Amino acid sequence: MKILFLDQSGKPGGAELCLIDIAKPYRDSCLVGLFADGAFKNLLEQNQIPVQILTTQAIQVRKESSLAQGLGSLGQLIPLISKVTKIARDYDFIYANTQKALVVGALASFLARRPLVYHLHDILSPEHFSKTNRRIAVTLANRFASLVIANSQASQVAFIEAGGKAEITEVVYNGFDSQAYQVPESEVEKIRENLELDGQFVVGHFSRLAPWKGQHILIEALANTPENVTAILVGDALFGEQNYVKSLHEQVANLKLEKRVKFLGFRSDIPQLMTACNLVAHTSTAAEPFGRVIVEAMLCGTPVVATKAGGAMELVEPDVNGFLVTPSEPQELAEVINSCFLQPENCHALAKNARVSASQRFDVSVINQQIYHLLK
Ligand code: UDP
Ligand code: GLC
């Protein structure tokens, strides 16, 4: 199977990390075309996946764009669409992994007469996308895609509610190599020592810094927990959220939490860092489409608390493999942190369950088989 994967991002967000695992089995015959240069390209190369940067011009449409802004960017897309059309003729089908990739991929699939698959990593709801963007995504998917792979039931339902055809959708969760999350104790000790976390109860937050990822909720919760509870915030502002980063630092200073909140920036040693945590907190204030970090925490054997919305509710069964709290409710989060701090045995039992069930449910080889059967 010769697949032309398309992704708009040069940066490694969750959808891009998921694509690496999907493209790996096809690396001898596929190509990943990107609409921006950056660290994602290097990661693909490290995984021996052929990659080509198809444009370096930023596409000026944002999640909240209006129709006029969307149409304005069409002119900018024409050279890219014609390039993709030409390349697509050497491939069996096009696999669009993001929304802008869908726009370009849909038109190229029509012009090159190649089938289109759309991997939907988003919840197409008003809290995430403008009406125009939702309409464009659904119209193009309905008209051109033979298959829409939704990363969760929550994403699938939102697609259908936005007018998407139910019969072309299939839910496939992200896959993970559980071995990669088995970290030797010596590495964990080294991390805790380097980050001066000894004697601390560490709550980890792993996500790009963005308002809807809710790092501010964790900081607020932290103020209502004992002195030796420390938070590590792992991740960077990937899409220009500099004002949010500034507001987080101000919040930390106002609450006098400078010694208890560590901003670590973007890191590649996620399994090591997660294993070094006593609890991983997912705090998205809007429904999370899937939530890779939740599964990763489970695979590390670290207790996890997530917000009760979207895909997270398909991953966490409360008091069986983790905890769920109401989005944007720091007090509820503080209560979970405090109870894990006071009763670590209970949390460890849940985390043990979670590790076993997550390594079966999200096994990358099983997920890749599912995708293979859908594609063939
Ligand atoms: N991640 C990472 N380094 C960081 C922060 C996050 O590699 O510093 C990874 C994280 O382990 C996860 C992904 O980025 O695999 C984020 O995916 P998720 O589905 O949780 O959220 P998204 O950012 O895609 O909405
Ligand atoms: C997107 C979503 C995230 C999901 C990831 C992988 O980036 O925001 O929730 O886990 O895609 O499907």
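Only a predicted model underlies this, so the values are computations on that prediction, with no experimental measurement involved. Every number for a ligand or one of its atoms is a count from 1 in the order of the listing. Residues take their numbers from the sequence shown, with the count starting at 1. Side chains included, hydrogens not; waters and symmetry mates left out as well; all remaining heavy atoms used.
- The line from CG of Leu257 to CD of Gln251 is 8.0 Å long, rounded to the nearest 0.5 Å.
- Of the protein's non-hydrogen atoms, His121 CB, 3.4 Å is the one closest to atom 11 (O) of ligand 2.
- The protein heavy atom nearest to atom 7 (O) of ligand 2 is Ala15 N, 3.6 Å.
- Counting heavy atoms from C-beta on, the side chains of His216 and Thr285 come closer than 4.5 Å.
- For a threshold of 3.5 Å applied to N or O pairs, the pair formed by Arg208 and ligand 2 contains no separation below that value.
- For ligand 2, the polar-atom distance check finds no N/O of Lys213 at less than 3.5 Å from any of the ligand's N/O atoms.
- For the pair Gly291 and ligand 2, the shortest N or O to N or O distance falls below 3.5 Å.
- Shortest contact from atom 14 (O) of ligand 1 to any protein heavy atom: Leu17 CD1, 3.5 Å.
- Across Glu16, Glu296, His121, Arg292, heavy-atom proximity to atom 10 (C) of ligand 1 is greatest for Glu296.
- The protein heavy-atom contact nearest to atom 6 (C) of ligand 2 is Asn174 OD1, 3.2 Å.
- In terms of heavy-atom proximity, Lys165 sits nearest to Asn142 at N-OD1, 2.8 Å.
- No donor-acceptor contact under 3.5 angstrom links the side chains of Asn151 and His119, judged on distance only.
- Looking at Ile270 against ligand 1, only its side chain comes within 4.0 Å, counting heavy atoms.
- Atom CZ of Phe110 has 12 or fewer heavy atoms from other residues, nucleotides or ligands within 6.0 Å.
- Checked by atom type, the side-chain pair His282/Ser284 shows a donor-acceptor distance below 3.5 Å.
- Scanning all protein heavy atoms for the shortest distance to atom 3 (N) of ligand 1 gives Arg267 O, 2.8 Å.
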Exercise for the section: Applying side-chain contact (heavy atoms from CB on, under 4.5 Å), run through Leu43 and Glu16 and close with a yes or a no. Expected result: CA-CA 10 Å; Leu43 277 180; Glu16 288 67 38; over 6 Å; no
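- Summarising the geometry of His128 relative to Ala287, their closest heavy-atom pair is NE2-O, 2.8 Å, with the distance given to 0.1 Å.
- Only the side chain of Lys213 comes within contact range of ligand 1, with a heavy atom under 4.0 Å; no backbone atom does.
- Below 3.5 Å of separation, one finds no N or O of Trp212 facing any N or O of ligand 2.
- When only interatomic distances are considered, the shortest N/O to N/O separation between Ser207 and ligand 1 does not fall below 3.5 Å.
- At a heavy-atom cutoff of 4.0 Å, ligand 1 is contacted by the side chain of Arg208 but not by its backbone.
- Considering backbone and side-chain N/O atoms, Val293 comes within less than 3.5 Å of an N/O atom of ligand 1.
- Residue-to-ligand polar distances place Gly14 within reach of ligand 1: an N/O pair is separated by less than 3.5 Å.
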